[in-house]
Amino acid sequence: MASKLSETLAAAKADNRAALIGYLPAGFPSVEGGIKAVRALVEGGCDIVEVGLPHSDPVLDGPTIQTADDIALRGGVRIKDVLRTVAEVAAETDAPVLVMTYWNPVDRYGVARFAADLAAAGGAGCILPDLPVEESEEWRKAAGEHGLDTVFVVAPSSTGPRLAEVTAAGTGFVYAAAVMGVTGTRAQVGNLAEDLVARTRATTDLPVCVGLGVSTAAQAAQVAAFADGVIVGSAFVQRILDADGDEDTALAAVRTLAGELAAGVRRR
């Protein structure tokens with residue numbers, strides 16, 4: 001049986017568009033505010049949402065998301081708050097809710113326990129950017145037992161054999177990092193992304209979704225022309241930071257940007 005994540009991506013493809021995937025960290029700007037912000041992503045037009053588990057050593061995340069993570073961590077966010085964010089958003093929307101997390105917090109929490117608790121919260125799966133495929137068997141077994149998808153990240157530096165290895169282990173979709181480097185909005189989307197998507201597709205039937213750098217409708221349209229999904233995170237975080245503590249302004253800005261990006265992924 002197809003997972004909710006797979007069904008959502010298939011529905012976008014049937015609609016002749018890319019899926020829009022929005023990311024925000026849990027606990028930012030507060031636990032309650034973060035729940036409202038993730039909900040606003042869906043209200044604005046995101047098909048799928050990623051809830052980040054704030055981490056003190058975020059190797060993939062650039063300065064914007066690091067700032068948000070720091071705010072969340074200083075606010076005392078815990079894994080239970082991340083799971084609560086997932087649960088409330090999953091209960092109130094139709095969007096699949098993924099957790100994006102580095103491996104250490106999952107390992108400390110307990111692999112089987114995390115999978116069980118994420119599934120109980122209504123989560124659709126996990127994106128694990130720093131978990132090597134070679135060391136992922138315990139997680140993938142636990143995830144599979146609870147119907148969770150496991151999304152792995154590929155990069156422009158990934159060789160053909162490595163792409164095949166990663167895509168064979170993953171489910172849901174493949175996260176293609178559009179650039180070599182950390183997350184953050186960029187003036188233009190690098191030309192490495194299209195080549196990476198083509199090389200990844202040669203190894204798998206899984207949808208390939210592109211992240212790292214998209215912040216405008218025009219960029220979303222550019223990526224949607226060759227990818228199955230467009231992933232946006234830093235641009236949403238920046239809108240909340242720019243609101244400077246004004247919750248209504250922040251939520252309105254997130255909804256507006258999601259709407260603009262949703263229009264962008266339809267421009268084919």
Gly172 and Leu9: which non-hydrogen atoms are nearest, and at how many Å?
-> O-CD1, 3.6 Å
Can you check whether Ile240 reaches Val254 side chain to side chain, under 4.5 Å on heavy atoms?
-> yes
In terms of heavy-atom contacts, Leu196 and Ala155 come closest through CD1-O, 3.4 Å
Within a strict 4.5 Å, meaning less than it, do heavy atoms of the Cys126 and Leu148 side chains meet?
-> no
Identify the two heavy atoms, one from Ala90 and one from Ala121, that lie closest to each other, and give their separation to 0.1 Å.
-> CB-O, 3.9 Å
So, do Leu41 and Phe236 sit near enough that their side-chain heavy atoms are less than 4.5 Å apart?
-> yes
State, yes or no, whether a side-chain contact exists between Phe28 and Pro54 at a heavy-atom distance under 4.5 Å.
-> no
Kindly compute the distance separating CD1 (Ile21) from CG (Leu98), expressed to the nearest 0.5 Å.
-> 7.5 Å
Does Leu118 reach the side chain of His146, with side-chain heavy atoms less than 4.5 Å apart?
-> no
Are Leu251 and Val51 co-members of a hydrophobic cluster defined by side-chain heavy atoms under 4.5 Å apart?
-> no
Does the side chain of Asp47 pick up a donor-acceptor pair with the side chain of Thr8 at under 3.5 Å?
-> no
Shortest non-hydrogen pair, Ala124 vs Pro96, comes out as CB-CB, 3.9 Å
Side chains of Asp242 and Gln238: is there a donor and an acceptor less than 3.5 Å apart?
-> yes
With a 4.5 Å heavy-atom cut-off, do Val99 and Phe114 have their side chains touching?
-> yes
After noting the C-alpha distance and the side-chain angles of Val214 and Val210, does the key distance pass the side chain to side chain contact (heavy atoms under 4.5 Å, CB included) rule?
-> CA-CA 9 Å; Val214 174; Val210 171; 5.5 Å; no
Taking atom types as modelled, find out whether Thr64 and Thr67 have a side-chain donor-acceptor pair closer than 3.5 angstrom.
-> no
Take Glu88 and Arg84, measure what salt bridge (charged side-chain N to carboxylate O under 4.0 Å, His left out) needs, and give me the verdict at the end.
-> CA-CA 6 Å; Glu88 296 208 14; Arg84 181 185 155 208; 2.9 Å; yes
Do Ile79 and Pro105 have side chains that get closer than 4.5 Å, going by heavy atoms?
-> yes
For Ser6 and Ala2, indicate whether the former's side chain and the latter's backbone hold a donor-acceptor pair under 3.5 Å.
-> no
Geometric cation-pi criterion, Arg113 with Tyr109: 6.0 Å, 45° = yes
Presence of salt bridge, Asp228 and Arg201, under 4.0 angstrom = yes
Over all heavy atoms of both residues, which pair between Ala177 and Val153 is shortest? Give the atoms and the distance, please.
-> CB-CG1, 4.2 Å
The reported gap from CG in Leu73 to CD1 in Ile71 (rounded to nearest 0.5 angstrom) is 10.5 Å
Sidechain-backbone polar pair: Thr256 side chain, Ala253 backbone, donor-acceptor under 3.5 Å = no
Counting N and O atoms only, with roles assigned by atom type, does the side chain of Asp246 sit under 3.5 Å from a partner on the main chain of Asp248, one being a donor and the other an acceptor?
-> yes
Might you work through the side chain to side chain contact (heavy atoms under 4.5 Å, CB included) test for Phe152 and Val174, ending with a clear yes or no?
-> CA-CA 6 Å; Phe152 288 110; Val174 182; over 6 Å; no
Considering non-hydrogen atoms only, spot the tightest contact between Gly45 and Leu20 and give its length.
-> O-CD2, 4.0 Å
So Trp139 and Trp103, would you call those rings parallel, tilted or perpendicular, with 30° and 60° as cut-offs?
-> perpendicular
Would Lys141 and Glu145 count as a salt bridge (charged side-chain N to carboxylate O under 4.0 Å, His left out) if you check the C-alpha gap in whole Å, the side-chain angles of each, and the deciding distance to 0.1 Å?
-> CA-CA 6 Å; Lys141 182 172 181 291; Glu145 288 172 357; 2.9 Å; yes
Any side-chain donor paired with an acceptor under 3.5 Å for Ser215 and Gln219?
-> yes
What's the spacing between Thr159 OG1 and Arg199 CZ if we round to 0.5 Å?
-> 8.0 Å
Can you check whether Asp94's main-chain N or O pairs, donor with acceptor, with Lys4's side chain at less than 3.5 Å?
-> yes
Nearest 0.5 Å please: distance from the CE atom of Met100 over to the CD atom of Glu50.
-> 6.0 Å
Taking everything shown except Glu137 itself, do over 12 heavy atoms lie less than 6.0 Å from its CD?
-> no
Do the side chain of Asp81 and the main chain of Arg78 share a donor and acceptor less than 3.5 angstrom apart?
-> yes
Verify whether one side chain among Ser158 and Arg162 offers a donor that lies under 3.5 Å from an acceptor in the other.
-> no
Between CG of Leu131 and CZ of Arg140, what distance do you get to the nearest 0.5 Å?
-> 9.0 Å
Which distance, rounded to the nearest 0.5 Å, do you find between the CD of Glu135 and the CG of Asp107?
-> 10.0 Å
Is it true that the side chains of Thr150 and Thr171 contain a donor and an acceptor less than 3.5 Å apart?
-> no
Only one of Thr167, Ile231, Leu206 passes side chain to side chain contact (heavy atoms under 4.5 Å, CB included) with Phe173, and that residue is Ile231
Val38 vs Tyr23 side-chain heavy atoms within contact, under 4.5 Å = no
